[in-house]
> 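Please read through the structure below; I'll follow up with questions.
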There are 2 protein chains.
Amino acid sequence: MASIKDVAAEAGVSVATVSRVLNDHPSVSPAARARVLAATESLGYRPNAVARSLRTDRTRTLGLVISDVLNPYFTALARSVEEAARTLGYSVIIGNADERPELQDHHVRTLLDRRIDGLLVSPTDGGSPLMLDTARSSTPMVFVDRWIPGVDVPVVRADGRAAVRDLVAHLHGIGHRRLAIIAGPAATTTGSERVEAFREALGAYGLPLPDDHIGQGDFQADSGRRATERFLALPEPPHVIFAADNLMALGALDAIRARGLSVPHDIGLAAFDDIPWFVHTDPPITAIAQPTGDLGRAAVQALVDLIEGRSPRSVTLPARLVVRRSCGESPTDQRSTT
Amino acid sequence: MASIKDVAAEAGVSVATVSRVLNDHPSVSPAARARVLAATESLGYRPNAVARSLRTDRTRTLGLVISDVLNPYFTALARSVEEAARTLGYSVIIGNADERPELQDHHVRTLLDRRIDGLLVSPTDGGSPLMLDTARSSTPMVFVDRWIPGVDVPVVRADGRAAVRDLVAHLHGIGHRRLAIIAGPAATTTGSERVEAFREALGAYGLPLPDDHIGQGDFQADSGRRATERFLALPEPPHVIFAADNLMALGALDAIRARGLSVPHDIGLAAFDDIPWFVHTDPPITAIAQPTGDLGRAAVQALVDLIEGRSPRSVTLPARLVVRRSCGESPTDQRSTT
DNA sequence: CTGAAAGCGCTTACAG
DNA sequence: CTGAAAGCGCTTACAG
């Protein structure tokens, strides 16, 4: 592959001049510039980003560690992150933690070794030593979706509290009283917050959230399946199950169907995170939608601000309830079902 | 961040010795090794991968350019690629082409600039000049899922021909005669092959595939919606629509529902690519499943073989039909509906 | 406007 | 077994 030396030789100038042309440095004569450009073209020269990064100590690359690529929510987030980063002249390298803390650490380490300019993380757990060290280090870092309490890092996330209240109001309005939740890992903020928001909203109606109505999941489908089986085996199964993410809702549907039961007739189902398929499931699923695109853009903006020496803002955006038919219909519900 | 010099100073040895310890070079005294390891530990030293890559001309990184991250099929593929690569000691950087050739080229260029060791591509089109140049260059490259005819690059893919024949047999058995397809871009192999396989299979039953029964899609949901609207506006709409991927099937469902029609009563639907949600849609969708995990692993194996000087094999794996209820039921169908 | 030179952080023949 | 030195491909003060 042609190097800057080859271009310099071909153009009859020094490598310094070639470098200046490539970096749009003002003080280059038009003649020299033209010869360099011609040589670049004819050799098909492309600067070696590795060498450039070593010299400048910048990679123009962002690392994004997401909890699970198989989760459409994170996939949509990753897409908007990449798009926003590209607009600002950055590439992004995605690491998939698969909801496993050790895999998350592996990716953080690899990304750091590659000297990415900044790190966007949706932590899978409460904070490994590596994650905590990184947050304390000089590496620019922003949490997105999930965060680690007590760590001084900007956070970009959605607040689902109001939407959860709306959900509970909706369920209560239909007449449901025994409500259960499949939670994410307590070590994640979204895992614990969604339970707390749910419990609080229930409390407003004087409804309890007994321990056997809290299923412990890990945000993946299998755990939704298992938690649902346990609910269905209860002497008095819940009227409605609220899954704290879309994959656990998928697992819940599997389990309900395997039991030969039907939604919403035998049991209701709602989910955190809205995905396109929820319109077409049997029945369409009531869900809480996050402004995924905005979250991705805001997260990139905060991280790039940090990298480029501006002060970043933490951002909290609202989520909203989308009512469909999976919890039954109340006569007072006038909402559309798409 | 500590560099190799700091470690050398701390351990009282030369940087050469530090490097040898880090790279498990045999000729290092146990005493020196111990001191280096201790220094590495106490400084929290991590070798700079950028510098190492520049020196060794290897990045131990694979590039993966996929057509669309929002497509669960590619997301599953990406996951298995990353896992297989990690096992072999490689990282992978994913580029999302979003089915746009210019974006695909952008990612290929960026990946090449970063000097990835090899490239895995599922081409979005028939081959841009850049893609063709890259294939001819010395950069190790493997096509996965889709490929570019006439280019001498190993291909790892699924052959859906037999499964498409099974699908048409199934449809014919139920009594459907007017069959339509939403195709992917003709410039992609999977775009044209699936139409050809479908046409051939229809031919075996003496059924035609008129032009107005071929919808031109681009593998994304919107195009499935538009193609379906056109089918439904025909004086004699098709009995069944076969979408050449899962996102266009999603779009088709949207359009069918918007018309107030129901599947399979008013019109049947089948899709290429099977995804978990197809079990829970209304109705469950008949689909052709690809061995995604095996494809990812085989692709990585072929690419790493190429990188490490072994001769890679092209691999073609079979896809298989999974019958559900979205095309109606024939009395002779004895298959399960999950 | 231009070039020679130093240096980013590593690895690796070479000499001892 | 060990170290001094060269060099990977760039960028950038410095001097002219």
Side-chain angles (χ1 to χ4, degrees), chain A residues 1-37 39-40 43-61 89 109-117 138-139, chain B residues 1-37 39-40 43-61 89 109-117 138-139:
Chain A
M1 207 161 277
S3 85
I4 196 170
K5 279 188 195 168
D6 303 314
V7 177
E10 173 88 6
V13 299
S14 71
V15 297
T17 297
V18 175
S19 177
R20 290 197 188 93
V21 172
L22 266 25
N23 292 289
D24 281 321
H25 189 98
S27 56
V28 181
S29 70
R33 179 178 304 273
R35 288 212 305 284
V36 168
L37 260 17
T40 299
L43 294 173
Y45 170 69
R46 295 243 88 211
N48 182 328
V50 174
R52 178 178 279 177
S53 292
L54 179 61
R55 181 53 231 244
T56 60
D57 203 31
R58 303 207 44 192
T59 51
R60 294 209 70 91
T61 301
R109 212 183 321 265
T110 305
L111 258 7
L112 257 21
D113 287 351
R114 287 166 177 288
R115 301 300 191 264
I116 42 127
D117 293 340
S138 60
T139 309
Chain B
M1 203 159 279
S3 84
I4 195 170
K5 277 187 196 167
D6 303 313
V7 177
E10 173 87 6
V13 298
S14 70
V15 296
T17 296
V18 175
S19 176
R20 288 195 189 96
V21 171
L22 265 25
N23 293 288
D24 281 321
H25 189 98
S27 53
V28 181
S29 69
R33 177 177 308 272
R35 289 211 306 284
V36 168
L37 260 17
T40 299
L43 294 173
Y45 171 68
R46 293 245 89 211
N48 183 328
V50 174
R52 179 178 278 177
S53 291
L54 179 60
R55 181 53 230 245
T56 60
D57 203 30
R58 304 206 46 192
T59 51
R60 295 209 70 92
T61 301
R109 211 179 325 264
T110 305
L111 259 6
L112 257 22
D113 286 352
R114 285 166 178 286
R115 302 301 193 263
I116 43 128
D117 293 339
S138 59
T139 308

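Chain letters run A, B, ... following the sequence lines, proteins first and then strands; every chain starts at 1.
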> Does any non-hydrogen side-chain atom of A:L112 lie less than 4.5 Å from one of B:R46?
no
> Any base atoms under 4.0 Å from B:T17, or only sugar-phosphate, or nothing? Heavy atoms, all strands.
sugar-phosphate
> Start with the C-alpha distance between B:T40 and B:V21, add both sets of side-chain angles, then the distance that settles side chain to side chain contact (heavy atoms under 4.5 Å, CB included), and finish with yes or no.
CA-CA 10 Å; B:T40 299; B:V21 171; over 6 Å; no
> The side chain of A:R20 lies closest to which of these nucleotides: D:dC14, D:dG3, C:dC1?
D:dC14
> Contact between B:R33 and B:L37 at the side-chain level, heavy atoms closer than 4.5 Å - yes or no?
yes
> Side chain of A:S3 only, please: which of D:dC10, C:dT2, C:dT11 is the nearest?
D:dC10
> Within the side chain of A:S19, is there an N or O that forms a donor-acceptor pair under 3.5 Å with the backbone of A:V15?
no
> Nearest to the side chain of B:S29 - D:dT2, D:dC8, C:dC1?
D:dT2
> What is the distance from NE2 of A:H25 to P of D:dT11, rounded to the nearest Å?
12 Å
> Is there side-chain contact between B:R52 and B:N23, with heavy atoms separated by less than 4.5 Å?
yes
> Whole-Å distance between C:dC8 P and A:N48 CG?
18 Å
> In whole Å, what is the span from the CG atom of B:L22 to the C1' atom of C:dT12?
14 Å
> Without decimals, in angstroms, what is the distance between A:D57 CG and D:dT12 P?
11 Å
> So for B:R55 and D:dG9, does any side-chain atom that can act as donor or acceptor lie under 3.5 Å from a complementary atom in the base?
no
> Going through the checks in order, is the side chain to side chain contact (heavy atoms under 4.5 Å, CB included) test met by B:T61 and B:R114?
CA-CA 9 Å; B:T61 301; B:R114 285 166 178 286; over 6 Å; no
> Which comes earlier along DNA chain D counting from the 5' end, the contact point of A:I4 or that of B:V28, where each point is its nearest nucleotide?
B:V28
> For C:dC10, does OP1 or OP2 lie under 4.0 Å from any side-chain N or O of B:Y45?
yes
> B:N23 near the nucleic acid: base, sugar-phosphate alone, or nothing, with a heavy-atom cut-off under 4.0 Å?
sugar-phosphate
> Nearest nucleotide by nearest heavy atom, which residue falls closer to the 5' end of DNA chain D, B:R115 or B:A31?
B:A31
> Among the nucleotides C:dT12, D:dC8, C:dA4, which one has an atom lying closest to any side-chain atom of B:L54?
D:dC8
> Using atom CZ of A:R52 as one end and atom C1' of D:dC8 as the other, report the distance to the nearest whole Å.
16 Å
> Counting only Watson-Crick or G-U wobble pairs whose two distances fall under 3.5 Å, which nucleotide matches C:dG3?
D:dC14
> Rounded to whole Å, please give me the gap between NZ in B:K5 and P in C:dC10.
10 Å
> Please give, in whole Å, the distance from C:dG9 P to B:R46 CZ?
17 Å
> When the P atoms of C:dA5 and C:dC1 are considered, how many whole Å apart are they?
23 Å
> Once you round it to whole Å, what is the distance between P of D:dC10 and CE of A:M1?
11 Å
> Mapping A:V15 and A:S27 onto DNA chain C by nearest heavy atom, which one lands closer to the 5' end?
A:S27
